[in-house]
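Here is how names work: the chains are called A, B, and so on, in the same order as the sequence lines, proteins then strands, and each is numbered from 1.
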Amino acid sequence: MSVRVRFAPSPTGPLHIGGVRTALYNYLFARKHGGTFILRIEDTDRTRYVPGAEAYIQEALQWLGLTYDEGPDKAGPHGPYRQSERTAIYRRYADQLVAAGHAYYAFDTPEELEAMRTRMKKAGAAAPKYDQVTRQYMRNSLTLPENETRELIEQGVPYVIRLKTPRQEEVKFQDEVRGWVKFQSGQLDDKVLLKADGFPTYHLANVVDDHLMDISHVIRGEEWLSSTPVHVLLYRYLGWEPPCFAHLPLILKPSGKGKLSKRDGDLGGFPVFPIEWKDPRTGEVYAGYRESGYLPEAVLNILALLGWSPGAGREILSLDEMTRLFSLEKVGKSGAKFDPQKARWINQQHLKRKSGQALAPYLRTELEKLGIDGYDDAYLAAVAELTREKAQLLTDLWPLSRFFFIAPVEYPLDVVKKKWRPEVRDFLASLAERLPDGPLSAETLETAFEEAAQALGVKAGRMKQLFRIAISGQPSGPSLFPAAALLGGGELKKRLRTFLTWAEQHLEE
RNA sequence: GGCCCGUUCGUCUAACGGUUAGGACGCCAGGUUUUCAACCUGGUAAUAGGGGUUCGAUUCCCCUACGGGCUGCCA
């Protein structure tokens, strides 16, 4: 049996990281088994449709490198891959279920349903549902005479098609991550399959499409676990073999309770969306991992570890490595709290593994924003090479790299005061004299540094931080001599003199 | 409330009946004879509780507690 899996988001807004993780696991499973990964858009709710959401999903997956083999923009043998374009198909199966006696027409208006619920609540039912018992008192093709049902339909009275759940049956299925899960059908309600507007609900569309698209494994979030028995029933009534199910543990809020939601990002200071999202209705902008300085491979790595572990202490993984190591057996059962700190650490690890060359374009972009040019790629790469060690996010790179392009004009007065001593002036001046005008190596610089210190009888170590401040304007930063050497002798001299002048003005002895 | 799922350091997790219960993030301490978010070393800290089963339970079973999901003509 060939592996075919799908990621089936609903375009009701931006994809959040829980969804991204579902996509990732599906992707990994497909690639691991040489299978097919499909993107299917579940846009069956016209009231919640958000323009731009589908494009957002595609852009996010593309940025992350989760390429799919079939999808709305990638033709395949089982299209179309947008459910709104498949309504006739669902209709056909809904009719088939009615004809077979497994589903029925229900004419109850929303008001009537509401009335039923409040009535039952008053009578003591905590969560009233349209089920084996309730349906006997509602307006549907089970309670109405056949000719009346036909008449209502002919008159164009709105109706839905509901699944006729059996009264007392055990419905069970084997979940790949949880083992056998059992439900009593009497606990189920008569789910709407086809809505009054002719669109299917998730349950119908999902089952029909998974079958028609030949899906072998349904890998989705745990929020679907309790509707799986309904799906199992549907497969049975349609005469189809159900796929394998695997329900993934949920990603939980870092603090407090509940599953991760839109708001949590703002509160916790971390993004919940892969890329930035502008709400077309409110104009609100939500931060994305991409814009916040995360590498796509790091985001994938962060998410992969939330609910899955390859064991053996492996944590920093590329997409290829994850693919090799992935298995549903190793997926955990319990919800995982999102840890923003660890997320940043993982990003940092990936950043450290990047070459300066690969990071250079990011610096280029920052320079362009400021209208600075005149630096070649090799220089940018060398800078990135030095600063990436200290960066956790891509966005940390520029603040760390800035002084390689822009000479400091201000210095942290308090630190300078603390470290200042009379011989510093002479030392820096002497160092400036010893430097060549052109390029220099870190070794040459260090030698000159030592010599200058010796000549004046001061400890080289004591001079280092002020030297750093003089050339970068910052009390800390990348490895000192390599960084300074990269600036070149001429530039160093200039900066030392500027600093000495500044010191004269700001330090009264 | 009902149904379903879950429960190992603060967090993510490893250990598929026998380990001094391991790793990672975080935190703390020390080192790196300048700083430092980097690096190195060390430390801190867990099997929810109670019953079984077993020679032996983190691991299997039951109960309780707690957490989560679902309970829509939303997905």
Side-chain angles (χ1 to χ4, degrees), chain A residues 8-13 19 42-45 47-48 106 108-110 113-114 117 121 124-130 158-162 175 177-179 181-184 186-189 191-203 205-206 220-229 247 249-250 252 254-255 257-259 302 305-316 329-330 332-346 348-349 352 387-392 396 400 415 419 459-469 474-480:
Chain A
S10 160
T12 53
E42 309 224 328
D43 55 346
T44 55
D45 186 348
T47 63
R48 292 212 309 155
D108 317 279
T109 63
L113 288 173
E114 191 48 44
R117 292 198 175 100
K121 262 186 192 162
K129 51 188 173 40
Y130 204 119
Y159 65 87
V160 300
I161 292 180
R162 284 183 184 269
D175 188 278
V177 346
R178 278 151 227 282
V181 183
K182 289 181 219 169
F183 290 81
Q184 291 302 322
Q187 298 290 342
L188 270 26
D189 61 342
K191 285 266 183 283
V192 170
L193 265 19
L194 202 73
K195 301 183 252 188
D197 64 3
F199 277 67
T201 58
Y202 173 89
H203 309 290
N206 199 261
R220 75 224 308 190
E222 194 189 340
E223 69 264 32
W224 294 110
L225 190 62
S226 37
S227 41
T228 306
H247 288 93
L250 264 16
L252 275 14
S255 56
K257 314 153 187 310
K259 63 173 173 176
I302 292 162
L305 261 25
L306 251 29
W308 170 76
S309 160
R314 304 270 282 128
E315 289 209 299
I316 302 304
E329 279 172 36
K330 294 225 160 244
K333 299 184 200 343
S334 47
K337 285 190 182 132
F338 186 83
D339 182 351
Q341 268 183 318
K342 186 146 186 179
R344 264 178 258 126
W345 177 80
I346 291 173
Q348 178 178 48
Q349 298 307 308
K352 281 170 65 180
T387 53
R388 96 190 143 183
E389 298 270 331
K390 300 273 173 175
Q392 224 169 3
D396 294 333
L400 286 163
V415 184
K419 297 279 173 178
K459 272 192 173 169
R462 301 220 124 133
M463 300 294 115
K464 283 185 182 171
Q465 191 171 16
L466 280 169
F467 175 59
R468 177 190 289 285
I469 289 174
Q474 289 163 348
S476 68
S479 189
L480 187 55

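- Nucleotide B/rC27 is matched to B/rG43 when pairs are restricted to Watson-Crick or G-U wobble geometry with both distances under 3.5 angstrom.
- Using a 4.0 Å heavy-atom criterion, one finds that A/R220 contacts no nucleic acid atom at all.
- Taking atom NZ of residue A/K337 and atom P of nucleotide B/rU11, one finds them 5 Å apart after rounding to whole Å.
- The side chain of A/K191 has B/rU71 as its nearest neighbour among B/rC25, B/rU71, B/rU34.
- Only the C1' atoms considered, B/rC61 is 22 Å distant from B/rG67, to the nearest whole Å.
- Of the side-chain N and O atoms in A/R344, none sit less than 4.0 angstrom from OP1 or OP2 of B/rC25.
- Note on A/E315: a base of the nucleic acid sits closer than 4.0 angstrom, heavy atoms only.
- Residue A/V160 is in base contact, counting any heavy-atom pair closer than 4.0 Å across all strands shown.
- Among the protein residues, A/F183 comes within range of the sugar-phosphate backbone only, with heavy atoms under 4.0 Å from sugar or phosphate atoms but none that close to a base.
- Between the A/K333 side chain and the A/V177 main chain, a donor and an acceptor come within less than 3.5 Å of each other.
- Side-chain atoms of A/S334 lie closest to B/rG6 of the nucleotides B/rA75, B/rG6, B/rC5.
- The side chain of A/K419 sits closest to B/rU34 out of B/rU34, B/rC4, B/rC25.
- Comparing A/R462 and A/A106 against RNA chain B, the residue whose closest nucleotide sits nearer the 5' end is A/R462.
- Across all strands, A/A127 comes closer than 4.0 Å to base atoms (heavy-atom distances).
- Here the separation of B/rU34 from B/rG42, taken at their P atoms, is 23 Å to the nearest Å.
- Nucleotides B/rG1 and B/rA38, compared at atom P, are 46 Å apart to the nearest Å.
- Distance alone, capped at 3.5 Å, places no donor-acceptor pair between the A/K259 side chain and the A/G335 backbone.
- Residue A/R388 is out of contact with every strand shown, counting any heavy-atom pair closer than 4.0 Å.
- Going from the P atom of B/rA21 to that of B/rA57 covers 14 Å, rounded to whole Å.
- Take the nearest nucleotide of RNA chain B for A/S226 and for A/L480: the residue whose nucleotide is more 5' is A/L480.
- Counting only heavy atoms from C-beta on, A/A336 has its side chain closest to B/rC12 among B/rC12, B/rC27, B/rU34.
- Remark: B/rG1 base-pairs with B/rU71; criterion is Watson-Crick or G-U wobble with both hydrogen-bond distances under 3.5 Å.
- Listed candidates were B/rU11, B/rC12, B/rA75. Nearest to the side chain of A/D339 is B/rU11.
- Within 4.0 Å (heavy atoms only), A/K129 reaches no atom of the nucleic acid at all.
- Separation of the P atoms belonging to B/rA15 and B/rG22 is 14 Å when rounded to the nearest angstrom.
- In the set B/rA24, B/rA75, B/rU34, B/rA24 carries the atom at the smallest distance from any side-chain atom of A/K342.
- Distance, A/W345 CH2 to B/rA37 P: 17 Å, rounded to whole Å.
- Contacts of A/S10 with the nucleic acid, taken as non-hydrogen atoms under 4.0 Å apart, involve only primed sugar atoms and P, OP1 or OP2.
- Across all strands, A/D108 comes closer than 4.0 Å to base atoms (heavy-atom distances).
- Residue-level contact check: A/T44 touches the backbone only, with heavy atoms under 4.0 Å from sugar-phosphate atoms and none from bases.
- Which of B/rG72, B/rG2, B/rU13 sits closest to the side chain of A/S309 comes down to B/rU13.
- Contacts of A/R178 with the nucleic acid, taken as non-hydrogen atoms under 4.0 Å apart, involve only primed sugar atoms and P, OP1 or OP2.
- Contact annotation: A/K195 reaches the phosphate of B/rA75 (side-chain N/O to OP1 or OP2, under 4.0 Å).
- Here A/K342 does not pair with A/D339 in a salt bridge; the nearest charged N to carboxylate O distance is not below 4.0 Å.
- The separation of B/rC55 from B/rC5, taken at their P atoms, amounts to 31 Å, rounded to a whole angstrom.
- For B/rU7 and B/rC12, the C1' atoms lie 15 Å apart once the distance is rounded to whole Å.
- Using N1 to N3 plus N6-O4 or O6-N4 for Watson-Crick, or N1-O2 and O6-N3 for G-U wobble, each under 3.5 Å, B/rA57 pairs with nothing.
- A/T12 places no side-chain N or O within donor-acceptor distance of the main-chain N or O of A/R48, the cut-off being under 3.5 Å.
- Residue A/Q348 is in sugar-phosphate contact alone, with no base atom involved, counting any heavy-atom pair closer than 4.0 Å across all strands shown.
- Under the 3.5 Å distance criterion, the side-chain polar atoms of A/R468 are matched with a main-chain donor or acceptor of A/P478.
- Using the Watson-Crick or G-U wobble rule with both distances under 3.5 Å, B/rA21 pairs with nothing in any strand shown.
- Of all nucleotides present, only B/rU7 satisfies the Watson-Crick or G-U wobble test against B/rA65, with each distance under 3.5 Å.
- Across all strands shown, nothing is found opposite B/rA15 as a Watson-Crick or G-U wobble partner with both distances under 3.5 Å.
- Between B/rG52 and B/rU59, the two P atoms lie 15 Å apart (nearest whole Å).
- In this structure, A/K333 does not reach the B/rC4 phosphate: none of its side-chain N or O atoms is under 4.0 Å from OP1 or OP2.
- Residue A/L113 is classed as a base contact, given a heavy-atom separation below 4.0 Å to a base.
- Picking from B/rC74, B/rG2, B/rC4 the nucleotide with the shortest atom distance to the side chain of A/T201 gives B/rC74.
- A donor-acceptor contact under 3.5 Å is not formed by the side chain of A/K352 with the base of B/rA38.
- Residue contacts shown for A/P478 are absent, as no nucleic acid heavy atom lies under 4.0 Å away.
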